[in-house]
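The block underneath contains the structure these notes are about, expressed in C-alpha cells.
The first residue in the sequence is number 1, and the count goes up from there.
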Amino acid sequence: MQGSIDDVTINEIRRRADIVSLIGEYVALKKAGKNYIGLCPFHQEKTPSFTVSPDKQIFHCFGCGQHGDAFTFLMKINNLTFPEAVSSLAKKVGVDIPRRPLSSREKEDYTIREQILIANSLASEYFSGILRSHAGEPARNYLKNRGISDAAVEAFRIGYATDTWQGLLYFLKQKGIKEAVAQQAGLVIARSEDEAKGYYDRFRARIIIPIEGNDGRILAFGGRVMGAGEPKYLNSPESPVYTKGNNLFGLFRTQEAIRAKGFAILVEGYFDLISLWSAGIKNVVAVLGTALTSSQVNLLGRYTKKVVAMFDPDEAGRKALSRSLELFLAGNVQARAVILPAGDDPDSFVRNNGRDNMEALLAGAQPMADYYIEEILGNARTIDEKREQLRNAVDFLKRVEDPVERNLFIKKIAERLGVDQDVLKREITQTHSRPSEAKQTLTKPAMGMGYERLELSLIRMLFEYPEMATFVRTTGVINCFRSNDLKNVAEMIFLNAEKEGENSLNMLSVLSCLEDGPLKENLHRLLVEENPYKGELKERLISDTIRQIRHRWYKGKHRILKEQIAKADKAGDRQLCDSLLLEKERLLKEERNGSPFLNLIPGENSYGKRL
C-alpha cells in the first residue's frame with residue numbers, strides 16, 4: 001500500500017501509462033534511436049540531455065541527474081505528492097481508483113496540502129453558485145459588459161463573493177473544513193491575533209477568479225471589485241500549495257492552444273487573459289499581476305520556446321521589458337514585444353478594437369532584443385544620456401551568459417550608441433570578471449558513485465534480462481557483493497521476478513522502492529542508455545560476470561588469509577597458523593571445484609570470526 005491506493009491499482013496505472021505521451025505534454029521530444037530526447041524541464045540547457053525511454057518507461061537527465069517514472073515526473077513537474085500524482089495519471093489512463101472511507105484518525109492525519117486543495121475546491125463551488133443565483137445578477141451584468149462570454153465564465157470557473165462577512169466561513173464549516181485550514185488556504189482571516197475571537201471571509205463584494213495549478217486543481221483566488229474601491233485586486237496569500245512567482249494564470253486552460261499555435265502570449269492580469277480568450281485568442285498566459293520571474297519563464301518554456309509579451313508604453317512597461325528580456329535570454333526563449341497604444345491594456349484593446357486588430361498587433365511584434373536596443377538604449381540624445389545608456393548597456397550585457405549572444409549584442413549596441421566595440425568589450429570584461437550572484441553553475445553528478453563495476457553490470461543485466469534472475473539467484477553470487485546496496489537491489493529483483501513470473505520483472509516497481517540518492521540515479525542513467533549486452537550472448541556474459549565477481553571475492557579472502565598467516569607465524573602461534581593454512585587449502589579446493597556460494601556469506605566463516 002502507498003497511501004490509501006493499493007499496489008495492484010498503482011501497477012495497473014503504470015502498465016497503461018505511456019511516459020512519452022505524458023512527458024510530451026510538457027517537453028518537446030524528438031526520436032533518437034530507441035529513446036526520445038528534449039530540453040530538460042528541470043534546469044536550463046541549450047543542448048538536449050533529457051532522455052525518455054519508452055521501452056522501460058523511465059526518464060533521466062544527463063545534465064542535472066533528475067530521473068524517475070511517470071509518477072515521479074508528475075510529482076516533480078507539478079509539485080504533487082505521490083497520491084496526487086497517482087490520481088492525476090489514473091484519470092489520464094482511465095483507471096478508477098477504489099477508495100475506502102477514511103477513519104477519524106486518517107482524516108485527522110490527512111495532509112494539510114490536500115485539505116487546502118479540498119477547501120479551495122469547495123470555495124470555488126460556493127463562489128460559482130452565488131454568481132448563478134439571484135444575488136449574483138450584478139456580477140453577471142458586470143462580466144457581460146466587459147465582454148466576458150458565458151463560455152469563459154464556465155471555463156475559468158469565475159464566481160462572485162457577496163458583501164457578507166462570514167458566508168464562505170459558514171459554508172466551509174458545514175462541509176467539514178476546519179477554520180484553521182480555511183485560514184491557511186487564505187480564504188478567511190482571523191479577527192485578531194487571538195484566534196478565539198473568530199474569523200471572517202477574505203473575499204467580499206468581488207468577482208472571484210480561481211488560480212489553477214498545472215493539474216487543474218485550485219491553488220488560490222484573485223478577487224476584483226466591480227466599481228470604485230481599493231485594492232482593485234485582492235489575491236490569496238501564499239500557502240503550502242501556492243507560490244505566486246511559480247505559477248502562470250490560465251496555463252492549465254490554454255496549454256493546448258499554446259502548443260497548437262507554437263507560441264504563447266504573455267499578459268499581466270486575469271482579465272487581460274480572459275478577454276483575449278473570450279475574443280478567440282486562446283494561447284495566452286498571465287503573470288498574476290507581479291513582475292515576471294525566472295520560475296515562470298522556466299514553466300512556460302516547458303510548453304513553448306517562443307513568446308510574445310505585451311507591455312504598456314509607460315516607464316513601468318519599459319522597465320518590465322528590460323527585466324523580462326534578461327529572463328527570456330537566460331531561459332533560452334525567443335521573445336518578441338508588443339507595445340500597446342497609450343491608455344490601453346490587452347483587455348481594453350481587444351474589447352475596443354476587436355480580434356482582427358489584436359492579431360495584427362501580435363503579427364507585427366518586434367524581437368524584444370531589437371526593441372530594447374533601438375527604443376530603450378538607443379533613445380539618448382545628450383552626452384550625459386549616452387553615458388547613462390552605456391552604463392545600462394554594460395549592466396545588461398554582463399547578464400547575457402551565452403558568449404555568442406553577448407557578442408551579437410555588443411555589435412548592435414555599439415552601432416546604436418556610436419561607441420567602439422573594443423571600448424564596450426573592455427567595460428564588460430572589467431565588470432564581468434567579478435562574481436555574479438545570479439550565475440549558478442550546474443554540477444553534473446558523479447556517475448560512478450563508488451559502486452563496483454562488475455556488480456553494477458550484473459544488476460543491469462538482470463534488469464535487461466529478468467528471465468536470468470533464477471539462474472543468478474541459484475549461484476549465490478550476491479553473497480560475494482562488496483556493495484550491500486547492490487545486494488539489496490539484487491534481492492528485490494529476485495523477489496519481484498518470483499512474484500511476476502519466471503520471465504517477467506516489474507522494473508518500475510523495483511526502482512520505486514529504492515531511496516532517492518546516487519544509486520537510484522545511476523541505475524536510471526544506465527537503463528535509459530542503449531543496452532550494450534546482446535541477447536544471444538546473455539548467458540555467457542552473465543556467467544563471465546559471475547565468475548569474475550567470485551574470483552575477486554576469493555582473491556580478497558586469500559589476501560586476508562596470507563596477512564593473518566604471516567601475523568600468526570611472527571607471533572609464534574602455531575595452532576592459529578595451522579588452522580588458517582587448513583582454511584586456505586579449503587578455499588583453494590572450493591575455488592577450483594567452482595562450488596556454489598549458497599551458504600557461504602563473507603564475514604561469517606570460521607576464520608573470519610577468529611579474525
Report the residues that fulfil ring-ring contact (aromatic ring centres under 6.0 Å, His included) with F409, sequence neighbours left out, ordered by chain and then residue number. F396
Residues in salt bridge (Lys or Arg N to Asp or Glu O under 4.0 Å) with E45, at least two apart? none
Residues which pass side-chain contact (heavy atoms from CB on, under 4.5 Å) with F252, listed by chain and number, not counting sequence neighbours: E212, Q255
Answer yes or no: is there a donor N or O on one side and an acceptor on the other, between the side chain of T51 and the main chain of V528, under 3.5 Å? no
Partners passing ring-ring contact (aromatic ring centres under 6.0 Å, His included) against F71 (at least two apart in sequence or in another chain): F82
Have a look at D69 and tell me which of R14, R15, K520, K56 forms a salt bridge (Lys or Arg N to Asp or Glu O under 4.0 Å) with it. R14
Qualifying residues under side-chain contact (heavy atoms from CB on, under 4.5 Å), relative to K570, sequence neighbours excluded: none
Qualifying residues under salt bridge (Lys or Arg N to Asp or Glu O under 4.0 Å), relative to K46, sequence neighbours excluded: D402, E405
Could you work out, with side-chain contact (heavy atoms from CB on, under 4.5 Å) as the rule, every residue matching K305, not counting sequence neighbours? L39, V333
Residues at least two apart in sequence or cross-chain that pass side-chain contact (heavy atoms from CB on, under 4.5 Å) with R482, listed by chain then number, are E452, E455, R552
Restricting to side chain to side chain donor-acceptor pair (under 3.5 Å), what partner residues turn up for D370, sequence neighbours left out? K412
What residues, two or more places apart in sequence or in another chain, satisfy side chain to side chain donor-acceptor pair (under 3.5 Å) together with R217? E114
Using the test salt bridge (Lys or Arg N to Asp or Glu O under 4.0 Å), find all partners of R574 that sit at least two apart in sequence or belong to another chain. D569, D578
G245 backbone acceptor or donor facing T243 side chain under 3.5 Å: no
ring-ring contact (aromatic ring centres under 6.0 Å, His included) partners of Y36, counting only residues at least two apart: none
For the backbone of N247 and the side chain of Y242, can you confirm whether one donor and one acceptor N or O come within less than 3.5 Å of each other? no
